[in-house]
S.K.: 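Starting off with a structure, shown below.
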Amino acid sequence: MKNGKKQLPEKLYDLIPSQQTMYMMVKYSFHKQLTQIPISFSVEKDLDFNVLRRAFNIEIERNDSLRIRFAVVDKQIKQYFLDSFCVENIEVKRFKNIEEQEAFFSKDAQKPVYFLKDEIFRVFFFKTEGVGSGIYLVVSHLNLDAMGIIITLADLFRVYRALIEGTEMPAPLNKFEDYIKEEFARLSDKKKMAKHREFYARYFLKGGEPFHANVHGPEFLEKYRKKKKNPDLRVPPAYNPLYDKCDMIVRQISAEDAKKIFDYCLEKKIAPESLLQLGLRTYCSAVNYRTPDVFIQSLCSKRATNKEKNMGGCITQPLQLRTIIPEDFTFSQALDEITQTRSKLFLHSAYPYGLALNLSREIYNYNMIQGPACMMFSWIPVPIGPVAPFKFDFRGYNLGRYFTPLYVITHPDPETQGIKCEYMYRVKLATADDINRLHENAVRVVLAGIENPEIKIGTLLDSIT
């Protein structure tokens, strides 16, 4: 968008740090496919698409994050809020079966959302024979994060039900614009920002330089060591944007095993992502010389207050989760280490991810395509069971490109009552066999630890196949 062609409003905002993080994905990508989230949501019933279109336009009024637009001003991205707009027509796609549905949406998911050209989202309604009907939405990540999408969809269907039943509209969502103002106020507190920076400096220095323990094992690192004639190198250039082509493998944790996981989390008062990350990191340790040092980027929604839990927008940022877990730790001790580290990082999550990332690069002299994290991990708390008013299906799709070697997206699966694990991996660095072994071993580790929390990490490493 060229500024001379369009009159911009006076009230322009800079991107907040969470949005800047998402913009980094596309800024350093040759393929521009990375700043979007594609999902489908369907129910086992026939929806009235005329009413759903009305509900969608009401949602645009209620949810100001759907009214954000972006412009480049003096080489900087700015954002502003439209007072109103509506979608006149939403195409309804009709599919003969789930395979046809998935083929169409999988292809569309890999088409960029041109957020700098006022394309904030693409939306289709759909009906699939023998499955149900629903909505497919691919939306700019600068407008909504994963939790923002869950909040948006939940609100949309509350509005739909109110229209169908002739009842009052649900309570309005909170304004993302207010959060933006509050975020800049927090960032202006130089004293707090300095304390956050001090924390990250100590955090990155503790334990020395991290190790890149990727799912594909050490082969790529060893090639880099040989090329540089330095056998002590620990972090290879695994983030090369030239080789960002990705495929996706979707695996399930059964309802029976998911119940064991949820029950254990409830008993121990821990989050499911801590448990799953312990399983994943144990496998990555096993295939990388049994290193105790594993680094994961763990996306955190940052929605801590009721206000933030009733708001759209993009406020998520990665927690740079580095854990050094010796083999004589028990499963329970390792889980405590992950949980405590996550808690410490959350206390400092107001510090921009970009600044923390640059700090780690300065400390260890990394170039732009080096990074110790072996994966990005996300847990999306999709409601299942009695929480949901009706049975529904929730699906994510492969972007085709991604900036990390592996992105693991996990969430409760309302269709099976299990846990769905979506592995989007760079085909240059890993194979389908690597991903399947990762999943199977990670789940086995988690279940073994639930069965016997005093089992040693070394014993679990021995069990990796």
S.K.: Less than 4.0 angstrom from a charged side-chain N to a carboxylate O is my criterion; do Arg158 and Asp155 meet it?
M.R.: yes

S.K.: Do the side chain of Glu100 and the main chain of Asn97 share a donor and acceptor less than 3.5 angstrom apart?
M.R.: no

S.K.: Less than 4.5 Å apart, side chain to side chain, heavy atoms only: is that true for Met147 and Thr316?
M.R.: no

S.K.: Just by distance, do the side chain of Asn174 and the backbone of Lys307 share a donor-acceptor pair under 3.5 Å?
M.R.: yes

S.K.: Would you mind reporting whether Tyr397 and Ile39 have side-chain heavy atoms less than 4.5 Å apart?
M.R.: no

S.K.: Can you confirm whether the side chains of Ser140 and Gln36 place a donor and an acceptor under 3.5 Å from each other?
M.R.: no

S.K.: Side chain to side chain donor-acceptor pair (under 3.5 Å) with Thr404: which residues, sequence neighbours excluded?
M.R.: none

S.K.: Are His411 and Phe394 near enough that their ring centres are under 6.0 Å apart?
M.R.: yes

S.K.: Closer than 4.0 angstrom, basic N to acidic O: yes or no for Lys420 and Glu415?
M.R.: no

S.K.: So Glu182 and Leu187, do their side chains get closer than 4.5 Å, heavy atoms only?
M.R.: no

S.K.: In terms of the angle between their ring planes, are Tyr136 and Phe105 parallel, tilted or perpendicular, with boundaries placed at 30° and 60°?
M.R.: parallel

S.K.: Determine whether a donor-acceptor pair (N or O, by modelled atom type, separation under 3.5 Å) exists between the side chain of Asp413 and the backbone of Ile419.
M.R.: no

S.K.: For Gln76, does its backbone N or O pair with a side-chain atom of Asp74 as donor and acceptor, under 3.5 Å?
M.R.: no

S.K.: Any Lys/Arg nitrogen of Arg401 or Asp244 sitting under 4.0 Å from an Asp/Glu carboxylate oxygen of the other?
M.R.: yes

S.K.: Is there a side-chain contact between Tyr80 and Leu8 in this structure, where contact means two heavy atoms from C-beta onward sitting under 4.5 Å apart?
M.R.: yes

S.K.: Taking the inter-plane angle between the rings of His196 and His348 on a 0 to 90° scale, is it parallel (under 30°), tilted (30 to 60°) or perpendicular (over 60°)?
M.R.: perpendicular

S.K.: For a quick check under 3.5 Å, do Arg342 and Ser298 share a side-chain donor-acceptor pair by atom type?
M.R.: yes

S.K.: Can you confirm if the NZ or CZ of Lys259 lies within 45° of the ring axis of Phe262 and under 6.0 Å from the centre of its six-membered ring?
M.R.: no

S.K.: Does the ring-ring contact (aromatic ring centres under 6.0 Å, His included) test come out yes or no for Phe104 and Phe126, once each step is laid out?
M.R.: CA-CA 11 Å; Phe104 180 86; Phe126 65 93; 9.6 Å; no

S.K.: Are Glu91 and Lys93 close enough for a salt bridge, meaning some N to O gap below 4.0 Å?
M.R.: yes

S.K.: Are side-chain heavy atoms of Phe70 and Ile120 found at a separation under 4.5 Å?
M.R.: yes

S.K.: Does a side-chain heavy-atom distance below 4.5 Å link Phe81 with Tyr13?
M.R.: yes

S.K.: Test ring-ring contact (aromatic ring centres under 6.0 Å, His included) on Tyr407 and Tyr402; report intermediate values, then the result.
M.R.: CA-CA 8 Å; Tyr407 185 16; Tyr402 204 62; 4.9 Å; yes

S.K.: Looking at Lys268 and Asp263, does any basic side-chain N land under 4.0 Å from a carboxylate oxygen?
M.R.: no

S.K.: Do Arg186 and Tyr179 form a cation-pi contact, if we require the NZ or CZ to be under 6.0 Å from the six-membered ring centre and within 45 degrees of the ring's axis?
M.R.: yes

S.K.: Looking only at side chains, do Arg281 and Thr323 share a donor and an acceptor under 3.5 Å apart?
M.R.: yes

S.K.: Output yes when a side-chain donor or acceptor of Gln370 lies under 3.5 Å from a complementary backbone atom of Asn367, and no otherwise.
M.R.: yes

S.K.: Could you check whether Arg69 makes a cation-pi contact with Phe85, meaning its NZ or CZ is under 6.0 Å from the centre of the six-membered ring and within 45° of the ring axis?
M.R.: yes

S.K.: Taking atom CD of Glu165 as the centre, does the number of heavy atoms from other residues, nucleotides or ligands within less than 6.0 Å exceed 12?
M.R.: yes

S.K.: Are the side chain of Glu219 and the backbone N or O of His216 linked by a donor-acceptor pair below 3.5 Å?
M.R.: no

S.K.: Evaluate the criterion ring-ring contact (aromatic ring centres under 6.0 Å, His included) for residue pair Tyr160 and Phe49; output intermediate values, then yes/no.
M.R.: CA-CA 10 Å; Tyr160 174 83; Phe49 292 128; 9.1 Å; no

S.K.: Does a side-chain heavy-atom distance below 4.5 Å link Arg251 with Asn436?
M.R.: yes

S.K.: Have Ser65 and Asn63 got a donor and an acceptor in their side chains that come within less than 3.5 Å?
M.R.: yes

S.K.: Walk me through it: do Phe295 and His212 pass the test ring-ring contact (aromatic ring centres under 6.0 Å, His included)?
M.R.: CA-CA 7 Å; Phe295 198 123; His212 184 84; 9.5 Å; no

S.K.: With Glu119, which residues qualify under side chain to side chain donor-acceptor pair (under 3.5 Å), at least two apart?
M.R.: Arg122

